[in-house]
> 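Dumping the structure here so I can ask a few things about it.
These numbers come from a predicted model, not from an experiment. So you know, we letter chains A, B, ... as the sequences are listed, proteins then strands, and number each from 1.
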Amino acid sequence: MSTAEYDFASIEKKWQKYWEENKTFKTVDFAADKPKYYVLDMFPYPSGSGLHVGHPEGYTATDILCRYKRQNGFNVLHPMGWDAFGLPAEQYAVETGTHPAVTTAKNIDTFRRQIKALGFSYDWDREVDTTDPKYYKWTQWIFKQLYKKGLAYIAEVPVNWCPALGTVLANEEVVNGLSERGNHPVERRPMRQWMLRITEYAERLLKDLDDLDWSEGIKEMQRNWIGKSEGAEVVFKIVRPEGGEVTVFTTRPDTLFGATYMVLAPEHVLVDEITTPAQAEKVKAYQKMAASKSDMDRTELATEKTGVFTGCFAVNPVSGEKIPVWIADYVLASYGTGAIMAVPAHDTRDFEFAQEFNLPIRCIIEPDREAAAGEGVNADDVLEGKASWTGPGRMIHSSNSDGLNINGMTVEESIRTTTEWLLSRGIGRAKTQYKLRDWLFSRQRYWGEPFPLVHMDDGSIKLLSDDELPLTLPEMEDFKPAGTGEPPLAKAKQWLRYTDPETGKQGWRETNTMPQWAGSCWYYLRYIDPLNDKAFIDPEKEKYWMPVDLYVGGAEHAVLHLLYARFWHKVLFDLGFVSTKEPFQKLVNQGMILGLSYKDSRGVLVPTDEVEVTTEGPVRKDTGEKLVEFAAKMSKSLKNVVNPDDVKHQYGADSMRLYEMFMGPLEAVKPWNTKSVEGVFRFLRRSFKMVAEQPIVEDKMDQDQARLCHTVIKKVTEDIESLDFNTAISQLMIFVNGFAGDNKPLPREAAETFVILLSPFAPHLCEELWEKLGHDDTIAYVKWPTHDEAALKINEVEVAIQVLGKIRARVMMSPELTHEEMSEKALAVPAIQEEIGGRPVRKTICVPGRLVNIVV
RNA sequence: GCCCGGGUGGCGAAAUGGCAGACGCAUGGGACUUAAAAUCCCUUGGUUGUAACACCGUGCGGGUUCGACUCCCGCCCUGGGCACCA
């Protein structure tokens with residue numbers, strides 16, 4: 001008869017109350033005697049649908065590490081907050097008239113309740129909310145610093161306008177010509193917008209990636225997004241009485257002798273000017289066609305090259321040859337100079353275009369035969385202009401009478417030589433280009449930070465003074481955009497008009513608001529000093545806590561949030577407000593959790609509520625058709641979304657936490673399987689019974705017990721350090737498998753060690769067990785055990801004996817034997833002698849404690 | 001097309017040059033029970049066999065090594081990112 005059951009519901013309630021009442025996880029601002037450790041979760045957008053099983057994955061991982069660090073004597077900062085500006089609350093406001101602040105507050109309450117229910121050790125006194133005026137006062141203040149530094153400007157630029165969302169979007173928010181949120185079509189439209197000069201930081205954003213402890217994948221994505229390429233700008237003279245010139249950017253100035261035509265982007269400013277009357281009509285038509293194409297169309301039609309001849313010619317600056325100037329939409333107006341020199345023999349895009357329009361193709365690099373063959377390219381075809389080659393080789397036909405001769409050189413040499421020659425003639429120079437564009441920073445929305453500035457009637461821009469901040473959002477009845485591209489704030493007539501308190505001059509407030517990314521660009525700093533109303537952060541506190549030691553979140557923010565936040569941080573660093581040049585030293589991306597899904601034999605997805613799982617496998621409820629189980633992204637339509645509240649009610653928060661970690665490696669994409677939660681739940685129940693029901697004895701552990709106990713200490717400690725939580729849990733299971741049993745006496749040392757080791761994973765249960773073991777204080781700060789190397793020693797171990805790599809026998813021996821002793825023992829085994837069959841032994845390979853391999 | 005991951009039992013996974021499949025789920029069998037649930041014990045990569053054993057086995061094909069899931073070369077499949085960036 002059990003004396004107690006594992007009643008997770010009351011245990012969890014009890015300890016959550018205890019932690020809250022005792023402020024167990026309150027973090028002190030400074031602790032001279034303790035090293036600091038700052039662990040950050042990407043704060044969530046509090047959506048109306050509540051927490052998803054994906055959220056607690058990262059939160060549990062960081063919580064385990066934090067609890068472990070506290071028990072190892074660190075002063076740990078582990079905060080949580082809300083990235084609460086955003087479109088859904090605003091759209092709901094448009095539909096129902098409910099103020100977004102009301103919706104947001106409600107959603108935050110739900111998120112907070114759900115997160116607290118999982119027992120995470122956040123210091124809730126540091127909670128931040130980006131929509132709180134006390135918070136966005138400082139977002140506005142930082143914008144002022146950006147503006148004062150010349151990093152914020154207004155530009156009339158072609159922007160990504162999304163009619164369905166009624167707002168413009170940043171390049172980063174447009175995926176395949178559709179909006180990242182909601183997949184709505186996006187069109188190019190020139191508009192007056194706020195921009196941030198992130199391009200000024202391109203080089204540093206790129207270079208400083210090298211020292212960060214981030215996954216190579218994410219670093220590579222940022223590098224690609226920044227897209228640095230080195231080359232040269234080259235000036236081409238235009239052939240016409242009035243003169244004129246076009247500058248191009250190329251990464252291959254060495255191929256200049258092979259440039260047989262030029263291409264301008266259809267939007268290039270010179271196009272209208274240089275087009276001959278005979279071609280004017282065709283050029284106009286092509287420009288119109290290109291402008292009406294959405295980005296989506298451009299992507300889909302990428303295979304076929306189109307373009308029109310302008311009727312104009314330019315001069316190849318190295319050969320003096322007259323070459324035609326075309327326009328084509330494969331040249332982008334927004335990159336480089338919006339114009340290129342075309343070298344069809346050595347560029348695949350130019351080659352395709354030249355073939356399409358019968359333009360000359362001149363080979364000026366003899367391909368390296370071996371490299372060409374490796375790529376499946378026939379070098380002779382290249383020489384004859386029947387194929388293009390972009391790889392290594394020797395320059396040919398590349399000299400002029402003006403002192404440039406690069407024949408015979410390699411690609412690298414000739415790039416340098418040509419660039420120097422261009423520079424000496426004043427018609428070119430080395431140049432570095434980036435794909436990164438300036439950040440489009442305004443949105444036509446209500447629910448965002450207002451810009452802290454006024455457009456004065458005299459045309460100047462006045463920044464609000466610090467004591468006019470925060471500039472709060474006006475109360476409104478109607479949140480609909482005007483439809484003309486005018487933001488909702490344009491309707492707030494009272495709010496819009498501004499009178500300068502000092503000069504009495506008048507102006508209009510900005511009607512755009514900041515994008516959602518603004519608040520998340522600096523929230524990690526505010527956690528350090530959340531209540532400061534004199535500064536966005538106290539410099540002393542900043543110095544103590546920064547940088548963030550570990551940042552955990554989803555990979556979907558690889559370029560957006562992480563690039564923007566690094567940019568702001570570097571600006572704040574340059575202004576002397578922060579002490580580190582990078583905010584996030586180590587970054588880990590948790591893998592997405594997939595839902596269990598079903599499809600029929602034709603591969604059609606079947607919603608989970610139409611599926612019945614029989615002993616023969618899953619079948620369709622109505623037809624009985626056999627289905628195949630597989631993992632797919634959780635979605636409402638597939639009905640495979642798992643709600644953390646349900647899991648918690650059935651198995652408890654500790655089981656939920658443990659399962660999230662036991663599924664597999666943190667960074668891997670993993671399918672959720674509710675049946676498997678049962679497994680970790682059973683483990684927790686056995687753990688409870690082992691400590692709460694088995695007799696605890698004051699005896700020392702015997703040798704075997706000590707060995708197991710110390711092996712577990714070692715493995716769990718190492719695994720937490722390397723974030724391998726799944727294998728740490730396995731090891732704890734091995735402990736229970738070894739120590740649990742009906743009324744087997746359990747040495748106190750083993751019991752206490754186990755409870756401490758399990759406590760970061762299952763904190764509620766372990767607080768309870770710690771109390772049952774007779775302690776009256778929280779386990780949260782109890783010292784983490786260290787393993788005793790001596791206890792790990794083993795007297796005899798089974799060693800595999802191989803002959804030519806195949807296992808032929810197993811023998812018990814001490815793991816401390818020497819090479820000679822091991823081979824001696826191995827060769828003494830009769831079965832081995834038989835296997836050798838009198839052949840001479842060439843050598844033996846011995847791995848202590850593992851195997852002996854005999855080579856004959 | 002280019003750049004990153006990944007491919008191991010029925011399933012989630014472990015092992016990063018040294019006995020593949022730890023740990024868990026699910027299966028099958030047993031104990032307990034009037035019975036069921038729960039719990040506990042055993043079994044479980046494949047093939048032949050009653051069994052010991054033997055042979056095969058980490059996507060496919062080669063290679064390096066005494067020894068390869070692990071390192072190298074080529075290919076296939078799959079997830080993600082980028083995509084006319086000159």
> Rounded to whole Å, please give me the gap between CZ in A:R682 and C1' in B:G24.
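For the pair A:R682 CZ and B:G24 C1', the rounded distance is 9 Å.
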> With a 4.0 Å cutoff (strictly under), does any side-chain N or O of A:R850 reach OP1 or OP2 of B:G67?
no
> Could you state the CD1-C1' distance from A:I734 to B:A14, rounded to the nearest angstrom?
10 Å
> Among B:A26, B:C84, B:C23, which is the nearest nucleotide to the side chain of A:K675?
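Shortest atom-to-atom distance from the side chain points to B:A26.
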> Look at all strands and tell whether A:G217 reaches a base, only sugar-phosphate, or nothing, counting heavy atoms closer than 4.0 Å.
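Sugar-phosphate only.
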> I'd like the C1' distance from B:C2 over to B:A15, given in whole Å.
34 Å
> A:D350 and side-chain contact (heavy atoms from CB on, under 4.5 Å): which partner among A:L359, A:V263, A:I340?
A:I340
> Can you check the distance between B:G63 and B:U70, where both ends of the measurement are the P atom (answer in whole Å)?
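Rounded to whole Å, the distance is 14 Å.
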> What is the distance, rounded to the nearest whole Å, between atom CZ of A:F681 and atom P of B:A38?
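Interatomic distance, CZ of A:F681 to P of B:A38: 11 Å.
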> Mind telling me if B:G10 is syn or anti? Syn here is a glycosidic angle within 90° of 0.
anti
> Counting just side-chain N and O atoms, does A:Y330 come under 4.0 Å of either OP1 or OP2 of B:A86?
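No, outside the criterion.
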> Give, for atom OG1 of A:T432 and atom OH of A:Y434, the distance between the pair rounded to the nearest 0.5 Å.
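Taking OG1 in A:T432 and OH in A:Y434, the distance rounds to 5.5 Å.
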> Which whole number of Å gives the distance between the P atom of B:U44 and that of B:G21?
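B:U44 and B:G21 have their P atoms separated by 12 Å.
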> Is A:I845 touching bases, backbone alone, or none of the nucleic acid, heavy atoms closer than 4.0 Å?
base
> Looking at A:Q694 and A:K744, would you say the former's side chain and the latter's main chain have a donor-acceptor pair under 3.5 Å?
yes
> In Watson-Crick or G-U wobble terms, both distances under 3.5 Å, what is the partner of B:G5?
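When the pairing criteria are applied, B:U78 turns out to be the nucleotide that pairs with B:G5.
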> Using both distances under 3.5 Å as the test, list the Watson-Crick or G-U wobble partner of B:A37, or none.
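With both distances under 3.5 Å required, B:A37 matches none.
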> Identify which nucleotide among B:A83, B:A13, B:A86 has an atom closest to any side-chain atom of A:W225, counting heavy atoms from C-beta outward.
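For the A:W225 side chain, the nearest candidate turns out to be B:A83.
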> I need the CD-P distance between A:E693 and B:C40, as an integer number of Å.
12 Å
> At under 4.0 Å between heavy atoms, what does A:S334 touch on the DNA or RNA strands: base, sugar-phosphate, or nothing?
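Nothing: the residue A:S334, judged by heavy atoms under 4.0 Å, touches no strand.
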> Roughly how many Å is it from CG in A:N853 to P in B:G17, rounded to a whole number?
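Rounded to whole Å, this separation is 18 Å.
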> Taking the side chain of A:R686 as its heavy atoms from C-beta onward, which of B:A15, B:C40, B:G12 lies nearest to it?
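Within the option list, the nearest is B:C40.
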> Please report whether the ring centroid of A:Y261 lies less than 6.0 Å from that of A:F353.
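Here the rings of A:Y261 and A:F353 have centres that are less than 6.0 Å from each other.
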> Rounded off to whole Å, could you give me the CG-to-P distance for the A:D347 and B:A86 pair?
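Between P of B:A86 and CG of A:D347: 9 Å.
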> Specify the separation, in whole Å, of atom CD1 of A:I327 and atom P of B:A86.
22 Å
> Does some side-chain heavy atom of A:F725 sit less than 4.5 Å from a side-chain heavy atom of A:P665?
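Contact flag for A:P665/A:F725 side chains = no.
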> Remember a base hit wins even if backbone is also touched, and classify A:R842 as base, sugar-phosphate or nothing at under 4.0 Å, heavy atoms.
nothing
> What nucleic acid atoms does A:I807 come within less than 4.0 Å of, heavy atoms only: base, sugar-phosphate, or nothing?
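Touches sugar-phosphate only.
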> For A:E352, is there an ion pair with A:K305 - N to carboxylate O distance below 4.0 angstrom?
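A salt bridge links A:K305 with A:E352.
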> Roughly, in whole Å, what's the span from CE in A:M221 to C1' in B:G79?
13 Å
> Measure from the side chain of A:T727, starting at C-beta and using heavy atoms only, and say which of B:C3, B:A15, B:C55 lies closest.
B:A15
